[in-house]
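Reading through the structure tokens given below for one structure.
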Amino acid sequence: MARSGRPRGRRTVAVAALPAALLVLVLAGAAPGAVASGAGSPAAPGARKSDVRQSDVRQSDVRRVTPARDFDARPAREALERLLPRHAGQFTLAPDAGGAADTFTVSGTAGAITVRGTSGATLLTGVGWYLQHVAGADIGWPGDSLGMLPERLPAVPKPVTRSALVGHRYALNDTDDGYSGPYRTFEEHRRQIDLLALHGVNEVFVQVGAEYPYYRALQRFGYSAAELRAWIPGPAHQSWWLLQNMSGFGGPVSEGLMRERAGVGGRIAEQLRGLGMTPVLPGFFGTVPPAFAARNPGATTVPQGVWAGFDRPDWLDPNSAAFGKLAAAYYAEQRAVFGDSSMYRMSPLHEGGKTGRVDVAAAAGAVQKALWAAHPGALWAVLGWQEDPRRELLAGVDTSKLLVLDGLSDRYDGLDREARWGGAPYALGTIPNFGGHTTIGANTPVWADRFGAWRSKPNSALAGIAYMPEATGTDPAAFDLFTDLAWESGPIDQRKWFAAYSARRYGRADAEAAAAWEELRKGPYSTPSGLWSESQDGLFTARPSLSAAGSARWSPTSMRYPAGSVRRALDHLLKVAPPLRGSSAYRYDLVDTARQALANHSRVLLPRIRAAYDAKDVRLFRELTAQWRDGERRLDAVTSADPHFLLGPRLSAARSRGADRAEADRYEYDARSLLSVWGPRAASEGGSLHDYANREWGGLVSELYAPRWDAYFATLEEALVRRAVPRQIDWHAFEEEWARRTTRHAQTPVGDPYALAAGIAAALPAAK
């Protein structure tokens with residue numbers, strides 16, 4: 001099992017941390033990381049002399065890192081001060097590099113807590129364990145109850161030591177940057193890293209700025225900067241370009257933004273290294289622009305066809321000599337900004353990629369060979385999804401240096417991962433959220449049962465866990481429980497776990513809070529395996545139809561749990577003791593539960609509207625559609641009352657990256673389109689991607705979803721009155737018009753979450 005945490009070999013500091021003279025060169029467009037021809041390696045085809053000279057300067061800044069048994073605890077201390085500004089001084093963080101596995105020990109008296117750990121991240125995991133099991137406080141993703149902590153932290157009854165049960169504790173989906181927020185700042189990403197470390201994660205996918213190495217390297221293989229800027233999608237859509245699914249949409253991207261994003265990505269990687277965590281960087285497996293073979297004689301490319309209405313980028317045959325040259329250029333450019341790592345993420349032939357006449361086993365071996373030429377012995381992380389990784393791919397690589405991140409561990413029954421992947425190491429993974437949907441729930445009993453069973457089976461190849469929702473920061477309970485798997489030696493008792501969670505989530509035990517979370521445990525957090533690994537979305541966000549069964553084409557079409565559980569949970573949360581209602585955790589959970597109860601009611605109300613329409617009962621139709629509109633109004637109001645459900649910050653972040661109005665408009669369209677049409681008509685309609693990333697957010701409900709339903713109901717009412725066929729509406733045109741808008745939205749919450757949630761509870765029928 002590969003030991004994660006400390007990077008191997010050569011690396012450089014991130015762009016933002018470079019000395020001033022070097023930073024000027026990078027921001028002026030220097031060719032970071034190009035291998036100097038005088039340094040033992042030939043310059044890449046088409047390299048400009050100025051590129052080589054500038055890369056010589058960059059290489060002079062390279063530092064060699066020799067892993068030490070001890071480590072610097074200062075990054076963990078700095079993270080602790082960010083996480084616990086009032087109480088950080090009561091902790092002593094002590095490096096303990098002698099352990100063979102990631103281990104922490106927590107001890108101490110009141111006001112003087114000592115945490116020893118084998119890495120900076122593990123020190124923070126120990127702090128997280130203390131908060132969870134001793135102090136009874138929660139720092140969730142999102143929401144916390146830190147305001148309930150006493151001034152003097154409680155003593156640890158007796159020293160406690162925990163070791164990770166698995167070496168790989170991976171986080172983030174390939175789509176996270178797009179769906180969670182492609183225009184986030186470094187500080188927002190750093191907060192994410194702090195939370196991941198606090199919950200025991202040690203390997204994190206770093207995607208921000210991944211376009212920059214492609215942009216720099218491909219300019220030496222016959223492409224102009226302008227051509228590449230047009231080929232690279234906008235930041236919100238780059239996740240799927242890196243997966244070799246699409247290109248070009250949402251751009252062109254300015255060179256200034258690419259450099260800025262690369263700087264952020266480099267700082268993220270450096271932050272992870274400082275905590276002893278592994279930055280998992282995108283590897284190169286052959287994605288190239290059109291006409292690569294024509295511009296590079298001897299190269300062989302395979303057209304990849306169409307993905308969901310998008311033309312896919314071509315695949316450069318890894319068995320060709322051109323692949324090795326381009327891979328070397330790519331890794332050199334990547335190293336210059338992101339440094340080195342011991343783990344790289346690649347999924348060739350993702351979701352229907354075409355092999356052509358390529359020998360897949362040999363190609364896989366060539367991909368690994370190119371990776372090792374740049375990063376000897378590095379681990380290749382591949383997503384386990386649909387038919388991938390294919391058996392032919394596994395046959396061509398050293399699987400002892402490969403990790404399958406299983407995205408289907410909790411989705412289907414009868415899985416045998418050892419047989420399917422020939423004994424290759426894998427991580428039990430989950431994708432409990434698709435597209436950033438604001439729906440709660442997860443297959444948590446499946447997680448607990450399978451982790452223990454798969455880990456203990458004879459000849460088990462289980463080597464880790466992988467938390468991979470398509471968007472993060474939407475379900476703190478699911479994140480908390482899943483990451484606990486790797487640190488709890490015995491089976492997790494779901495009933496006890498959720499009872500304890502309810503107490504620390506609000507800072508103190510409360511009978512009503514416990515009852516609320518018991519209802520949620522029995523309902524949305526007890527969904528079984530089968531066809532889905534997330535709960536159903538609501539219908540207020542669905543494209544209007546009287547027969548609508550879900551908002552996203554690929555989401556569950558019916559309830560996955562009894563709706564009454566959420567309705568009862570809302571009643572209990574409203575009765576939580578007033579002193580516990582002031583935390584951001586309580587406010588978030590109250591808004592989220594009220595939102596979910598209302599969303600579930602949409603599935604009751606729409607069939608009644610359809611029945612009234614079919615019966616041609618105009619009076620009842622008007623009465624029921626008025627109830628629908630009231631539900632949408634309440635939904636927009638309650639989600640506008642919490643900062644985590646606001647559209648405004650996402651749009652303003654996109655606009656802020658534009659150097660002028662036209663560029664700002666372009667990036668806002670990139671952000672808006674992902675939430676609505678997703679892509680052009682061929683993808684939105686033909687690929688059924690519209691509303692894939694639907695979410696119940698303040699501003700989004702009132703500006704897109706409610707007017708969409710209003711327009712639809714108006715056509716139906718008109719048809720009833722005139723006894724005619726309803727007018728047809730071009731929904732793509734409707735949604736595209738919204739995506740092109742530049743209207744402003746609230747940046748901060750508005751309204752009283754408690755009053756708004758209570759109003760929803762009063763308006764909804766009581767649970768049966």
Side-chain angles (χ1 to χ4, degrees), residues 82 139-144 172 175-195 207-208 234-239 250 257 260-261 264 268 433 435-439 469-476 479 541 584-585 587-592 595 635-659 661 663-676 678 693-706 738-753 756:
R82 290 190 295 270
I139 302 180
W141 197 7
D144 69 68
L172 303 188
T175 66
D176 183 69
D177 192 47
Y179 287 137
S180 297
Y183 295 94
R184 286 173 289 177
T185 63
F186 168 71
E187 288 72 23
E188 290 173 299
H189 284 282
R190 185 176 62 185
R191 171 70 177 180
Q192 178 173 275
I193 293 168
D194 292 347
L195 292 172
Q207 185 182 108
V208 183
H237 291 81
Q238 283 180 17
S239 297
L257 180 60
E260 179 184 337
R261 282 172 52 81
V264 171
I268 292 169
N433 177 287
H437 300 157
T438 41
T439 184
E470 287 194 343
T472 48
T474 63
D475 199 332
F479 170 61
T541 57
S584 62
R587 291 194 300 271
Y588 177 87
D589 292 348
L590 184 63
V591 167
D592 203 21
R595 177 209 55 73
L635 180 61
D636 190 74
V638 76
T639 53
S640 294
D642 186 272
H644 302 96
F645 295 92
L646 294 179
L647 173 65
R650 186 181 182 102
L651 301 185
S652 62
R655 292 198 68 81
S656 71
R657 300 305 189 271
R661 181 168 182 175
E663 189 176 353
D665 289 352
R666 199 159 66 239
Y667 298 153
E668 180 169 357
Y669 174 74
D670 180 42
R672 282 178 176 253
S673 60
L674 189 73
L675 301 178
S676 53
W678 212 103
N694 76 85
R695 55 212 45 194
E696 292 157 352
W697 278 358
L700 187 57
V701 174
S702 59
E703 192 177 65
L704 174 60
Y705 301 135
W738 178 84
R740 295 286 179 184
R741 293 183 188 180
T742 57
T743 48
R744 305 274 58 82
H745 290 271
Q747 302 296 305
T748 56
V750 178
D752 179 352
L756 292 165

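Throughout, numbering of the chain's residues begins at 1 and tracks the sequence.
Remark: T474 OG1 to D592 CG distance equals 8.0 Å, nearest 0.5 Å. Note: R744 CZ to L651 CG = 6.5 Å, rounded to the nearest 0.5 Å. Between atom CG of residue L674 and atom NE2 of residue H237 there is a gap of 4.5 Å, rounded to the nearest 0.5 Å. W697 contributes atom CH2, which lies 12.5 Å from atom CG of L704 (distance to the nearest 0.5 angstrom). Between L257 atom CG and E663 atom CD the span is 6.5 Å, to the nearest 0.5 Å.
Shown here are the side-chain contact (heavy atoms from CB on, under 4.5 Å) partners of A471, two or more places apart in sequence or in another chain: Y179, S180, N433. Residues forming a side-chain contact (heavy atoms from CB on, under 4.5 Å) with L195 (at least two apart in sequence, or on another chain): L83, I139, W141, R191. A search for salt bridge (Lys or Arg N to Asp or Glu O under 4.0 Å) contacts involving R655 returns D665, E668, not counting sequence neighbours. Residues forming a side-chain contact (heavy atoms from CB on, under 4.5 Å) with P649 (at least two apart in sequence, or on another chain): L646, Q747. Residues meeting the side chain to side chain donor-acceptor pair (under 3.5 Å) test with S584, sequence neighbours left out: none. With sequence neighbours excluded, the residues forming a ring-ring contact (aromatic ring centres under 6.0 Å, His included) with Y588 are H644, F645, listed by chain and number. Applying the side-chain contact (heavy atoms from CB on, under 4.5 Å) criterion to A706, with sequence neighbours excluded, gives E632. With sequence neighbours excluded, the residues forming a side chain to side chain donor-acceptor pair (under 3.5 Å) with E470 are Y692, listed by chain and number. The side chain to side chain donor-acceptor pair (under 3.5 Å) test applied to H189 returns no partner, not counting sequence neighbours. The side chain to side chain donor-acceptor pair (under 3.5 Å) search around S656 returns none, not counting sequence neighbours.
Within the structure, no pair that satisfies the salt bridge (Lys or Arg N to Asp or Glu O under 4.0 Å) test touches residues 641-652, not counting sequence neighbours. The stretch residues 177-187 participates, sequence neighbours left out, in these salt bridge (Lys or Arg N to Asp or Glu O under 4.0 Å) pairs: D176-R184, D177-R184, D177-R261.
Side-chain atoms of R595 do not come within 3.5 Å of backbone N or O of E696 as any donor-acceptor pair. Between the side chain of D636 and the backbone N or O of G699 there is at least one donor-acceptor pair closer than 3.5 Å.
There is a side-chain donor-acceptor pair under 3.5 Å between R672 and T743.
The two atoms that bring Y183 and A671 nearest to each other are CE1-CB, 4.5 Å, heavy atoms only. Taking every heavy atom of both residues into account, G178 and S239 meet most closely at N-OG, 3.4 Å. Summarising the geometry of G698 relative to S640, their closest heavy-atom pair is CA-OG, 3.3 Å, with the distance given to 0.1 Å. Between A236 and P182, the closest heavy-atom pair is CA-CG, 3.5 Å.
In this structure the side chain of R695 reaches within 4.5 angstrom of the side chain of L675, judged on heavy atoms.
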